[in-house]
Amino acid sequence: MDVVREVLDKQLVDRHHRPMGRADGIVVEIRNGQAPRVMYLETGPATTARRISQRLAHWIAAFASRSGPRRGGSFRIPWSRIRHAGIEVQVDMDAEETPTFAWEQWIRERVVKRLPGA
């Protein structure tokens, strides 16, 4: 499987087919004398930024840790939890129990809830 082509930047969906963001990064374990092994998929703005610049990634992670619900800005999904990679990447997790839904819940509680008629 060409992991970068088949997985990177694809939509992640949980076991209930709810969106969980995109596969922003791939964590690979490299050991001497053995083939590389995919360990995790990463999702989050800091991971996306790391593909552009380490400095930008550090800035985004610092901002996320101070102002938002996600501490650290990235979430790792173990490769063992990936069920299928096609148009979407199906993950054997519940999105609402992961930090991937944290921003949505934070906005719902702090912004939408205060809007008239909400």
Side-chain angles (χ1 to χ4, degrees):
M1 173 190 251
D2 184 357
V3 177
V4 173
R5 183 184 48 148
E6 297 293 328
V7 175
L8 198 60
D9 295 326
K10 298 275 179 102
Q11 177 70 50
L12 299 170
V13 293
D14 74 353
R15 66 173 63 112
H16 304 290
H17 215 71
R18 290 179 294 211
M20 293 178 62
R22 295 211 174 262
D24 299 315
I26 300 170
V27 178
V28 177
E29 178 183 58
I30 299 174
R31 295 180 286 176
N32 289 335
Q34 295 184 353
R37 191 171 100 180
V38 177
M39 299 299 292
Y40 303 97
L41 289 184
E42 280 189 332
T43 184
T47 302
T48 303
R50 191 178 317 120
R51 292 167 60 184
I52 299 167
S53 159
Q54 279 294 109
R55 179 179 282 171
L56 181 60
H58 289 313
W59 184 84
I60 288 175
F63 177 77
S65 69
R66 285 191 314 268
S67 63
R70 277 169 117 173
R71 302 293 178 215
S74 292
F75 176 65
R76 286 186 171 182
I77 300 168
W79 185 253
S80 62
R81 303 298 294 267
I82 305 302
R83 294 293 165 237
H84 176 74
I87 294 172
E88 300 171 323
V89 177
Q90 296 175 356
V91 180
D92 186 23
M93 297 177 121
D94 189 348
E96 290 186 6
E97 296 174 3
T98 68
T100 60
F101 255 38
W103 277 110
E104 184 173 323
Q105 292 168 347
W106 186 82
I107 289 171
R108 187 180 309 135
E109 292 170 8
R110 293 206 167 68
V111 178
V112 175
K113 190 176 184 180
R114 296 179 179 169
L115 293 173

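In this chain, residues are counted from 1 in sequence order.
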*With sequence neighbours excluded, tell me which residues meet side chain to side chain contact (heavy atoms under 4.5 Å, CB included) with P78.*
Y40, S80, R81, M93
*asked:* Using every non-hydrogen atom in the two residues, find where V89 and L41 come nearest and quote the distance to one decimal.
replied: CG1-CD1, 4.2 Å
*Between T98 and D94, which heavy-atom pair has the shortest distance, and what is it?*
CG2-O, 3.5 Å
*Should we say atom CZ of R55 is surrounded by more than 12 heavy atoms from elsewhere, each under 6.0 Å from it?*
no
*asked:* Could you measure the distance from the CD atom of E6 to the NE2 atom of H84? Nearest 0.5 Å is fine.
replied: 9.0 Å
*Cluster overlap I82 with V27, hydrophobic side-chain contacts below 4.5 Å*: no
*Are any side-chain N or O atoms of R37 and backbone N or O atoms of R31, one a donor and one an acceptor, separated by less than 3.5 Å?*
no
_Are the side chains of W79 and V7 in contact, using a 4.5 Å heavy-atom criterion?_
yes
_Nearest non-hydrogen partners of V28 and P36, listed with the distance_ = CG1-CB, 3.6 Å
*Name all residues meeting the side chain to side chain contact (heavy atoms under 4.5 Å, CB included) criterion together with E88; count only those two or more places apart in sequence or in a different chain, and write none if there are none.*
Q11, V13, H17
*Nearest-0.5 Å distance that lies between atom CE in M20 and atom OG1 in T43*: 7.5 Å
*asked:* I'd like to know whether R22 forms a salt bridge (charged side-chain N to carboxylate O under 4.0 Å, His left out) with D9, so could you lay out the CA-CA distance, the side-chain angles of the two residues, the decisive distance to 0.1 Å, and finally the verdict.
replied: CA-CA 6 Å; R22 295 211 174 262; D9 295 326; over 6 Å; no
*Identify the two heavy atoms, one from P19 and one from A95, that lie closest to each other, and give their separation to 0.1 Å.*
O-CB, 4.3 Å
_Residue pair K10 / I87, side-chain heavy-atom distance below 4.5 Å_ = no
*Considering only heavy atoms from C-beta outward, does the side chain of E42 approach that of R50 to under 4.5 Å?*
yes
*Looking at CZ of R76 and CE of M39, how far apart are the two atoms once the value is rounded to the nearest 0.5 Å?*
9.5 Å
*Which distance, rounded to the nearest 0.5 Å, do you find between the CG of L8 and the CD1 of I26?*
5.0 Å
*Taking atom CG of D14 and atom CD of Q90, what is their separation to the nearest 0.5 Å?*
10.0 Å
*Kindly indicate, with the supporting measurements, whether the criterion side-chain contact (heavy atoms from CB on, under 4.5 Å) is fulfilled by E96 and R18.*
CA-CA 9 Å; E96 290 186 6; R18 290 179 294 211; 3.4 Å; yes
